[in-house]
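Contents: one structure, followed by commentary.
Note that the coordinates shown come from a computational prediction; the quantities given were computed from them, not determined experimentally. All chains are named by letter (A, B, ...) in the order of the sequence lines, taking the proteins before the strands, and each is independently numbered beginning at 1.
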2 protein chains.
Amino acid sequence: MNAKTKKSQGFARSRCPVANTLDIVGDKWSLLVVRDLLHGKQTYKELAESPEGIPTSILADRLKRLEEGGIITSAAYQERPVRYAYTLTEKGKALGEVLLAIVRWGKKYVPGTQTFK
Amino acid sequence: MNAKTKKSQGFARSRCPVANTLDIVGDKWSLLVVRDLLHGKQTYKELAESPEGIPTSILADRLKRLEEGGIITSAAYQERPVRYAYTLTEKGKALGEVLLAIVRWGKKYVPGTQTFK
DNA sequence: CCGGATCCGGTCTGATACTG
DNA sequence: CAGTATCAGACCGGATCCGG
């Protein structure tokens, strides 16, 4: 079943901060989720509706991973049915600096990029 | 054969700078290669010897992609046999800012990280 | 209806062997 | 040494299914 909550990321052989960080958010979706969270989105639905179209299976997996990694926390905001609101931890909010650097680079060097929202 | 030089990344439906940037360097290896290049490494061998152990097939593919993306350029520094030295373009060097943000975050939030080099 | 789990085909990864 | 070929297995992504 969900016995493989964590699988492909079990490691710890690298000490370089770049490698360590990329092991956590070095994939195409994680930082996009963080971006949305920084922009105020909180629910599963809101995250799933982003224009990039993240598959639900990937979204659920990333939310799980980000929570295990201490990047986000989930809190039930209603019972029956239970619904969770995902929010960034301090550690997660700190990724805003990384995103900012990425945004600056993208705006400057990737044609077709538009000022976000 | 290598007819699929670019496949899974060919598109441009996203306008968000974050998504655009991640489409280029949003994988586990690309930024590590850029990191090494920033640190002065230039040859295939030097890049392949990094402690993270990038597979040669992946390294060759990433070098190709990074060159197509205008992040690096390759120049033959000797004939018979031909040997190429890979160097960052201005666009590639600018990624140093992104790496810097990543390093800062990693050092602060990922336990076990050591000051690079 | 919403959040997510499950299935499944296709792609990519990564280890190793191989070639010029 | 630089890069390619190969191949099994991991992962992605789209669709569908299910519990609440």
Side-chain angles (χ1 to χ4, degrees), chain A residues 1-11 13-14 19 22-23 25-33 36-37 41-68 72 74-86, chain B residues 1-11 13-14 19 22-33 36-37 41-68 72 74-87:
Chain A
M1 292 59 184
N2 57 8
K4 75 279 268 353
T5 295
K6 44 166 57 186
K7 51 209 160 202
S8 66
Q9 71 163 343
F11 54 98
R13 71 187 94 126
S14 50
L22 292 179
D23 280 333
V25 295
D27 69 282
K28 192 169 67 175
W29 298 111
S30 297
L31 282 179
L32 287 176
V33 171
D36 288 343
L37 257 18
K41 294 186 180 180
Q42 294 196 120
T43 67
Y44 189 94
K45 186 188 179 194
E46 290 175 319
L47 295 170
E49 285 173 344
S50 281
E52 287 82 15
I54 182 171
T56 63
S57 50
I58 303 288
L59 176 55
D61 181 70
R62 290 301 183 280
L63 287 173
K64 198 179 301 174
R65 280 231 270 248
L66 290 173
E67 188 165 10
E68 289 172 355
I72 66 175
S74 62
Y77 66 88
Q78 85 170 35
E79 303 293 326
R80 6 206 356 47
V82 183
R83 289 288 181 265
Y84 296 95
Y86 300 94
Chain B
M1 291 61 183
N2 57 9
K4 73 278 266 359
T5 296
K6 45 166 52 186
K7 49 209 160 198
S8 67
Q9 73 162 344
F11 57 99
R13 69 186 94 123
S14 50
L22 292 179
D23 280 334
I24 301 174
V25 294
D27 69 284
K28 192 170 64 174
W29 297 111
S30 297
L31 283 178
L32 287 176
V33 171
D36 288 344
L37 256 19
K41 295 185 180 181
Q42 294 196 120
T43 66
Y44 190 94
K45 184 191 179 194
E46 291 175 320
L47 294 171
E49 285 173 343
S50 282
E52 287 81 16
I54 183 172
T56 63
S57 50
I58 303 289
L59 176 56
D61 181 69
R62 291 301 183 280
L63 287 172
K64 198 178 301 173
R65 280 231 272 248
L66 290 172
E67 187 166 9
E68 289 171 355
I72 66 175
S74 61
Y77 66 89
Q78 86 170 35
E79 303 294 324
R80 15 201 349 36
V82 183
R83 289 288 182 268
Y84 295 95
Y86 299 95
T87 52

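With sequence neighbours excluded, no residue satisfies side chain to side chain donor-acceptor pair (under 3.5 Å) with A:T56. Partners of B:S57 according to the side chain to side chain donor-acceptor pair (under 3.5 Å) rule, which considers only residues two or more places apart in sequence or in another chain, do not exist here.
Side-chain atoms of B:T56 and base atoms of D:dA2 include no donor and acceptor less than 3.5 Å apart.
To the nearest 0.5 angstrom, A:L47 atom CG is 13.5 Å from A:R62 atom CZ. With rounding to the nearest 0.5 Å, the separation of OH in B:Y44 from CZ in B:R83 is 11.5 Å.
In this entry the distance linking CD of A:E49 with P of C:dC1 reads 14 Å, nearest Å. In this structure, A:Y44 places its OH atom 17 Å from P of D:dG19, rounding to the nearest Å. For the pair A:R65 CZ and C:dA5 P, the computed distance is 14 Å after rounding to whole Å. In this structure, A:R80 places its CZ atom 9 Å from P of D:dG20, rounding to the nearest Å. Distance CD1 (A:I54) to P (D:dA15): 15 Å, rounded to an integer number of Å. Here D:dA5 presents its P atom at 12 Å from CG of B:D61, a figure rounded to the nearest Å. In this structure, CG of B:D23 is placed 13 Å from P of C:dC12, rounded to the nearest angstrom. To the nearest angstrom, C1' of C:dG3 lies 10 Å from CG of A:L63.
Relative to the side chain of A:K64, the nucleotides C:dG4, D:dT4, C:dA5 differ in distance, and C:dA5 lies closest. Side-chain proximity of A:Y84 to D:dT4, D:dC12, C:dG4: nearest is C:dG4. Out of D:dC1, D:dG20, C:dG4, the shortest distance to the side chain of B:R83 is found at D:dC1.
Heavy-atom nearest nucleotides on DNA chain D were determined for B:K45 and for A:D27, and the one closer to the 5' end corresponds to B:K45.
The residue A:S57 sits close to a base: some heavy atom pair falls under 4.0 Å. Within 4.0 Å (heavy atoms only), B:R62 reaches sugar-phosphate atoms of the nucleic acid but no base atom.
Residue B:Y86 has a polar side-chain atom (N or O) positioned under 4.0 Å from OP1 or OP2 of D:dG3. Taking side-chain N and O atoms only, B:W29 has no distance below 4.0 Å to OP1 or OP2 of C:dT13. Taking 4.0 angstrom as the limit, B:K28 places a side-chain polar atom (N or O) nearer than this to OP1 or OP2 of C:dG14.
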- Item | Evaluation steps, side-chain contact (heavy atoms from CB on, under 4.5 Å), between B:T43 and B:Y77 | CA-CA 10 Å; B:T43 66; B:Y77 66 89; 3.9 Å; yes

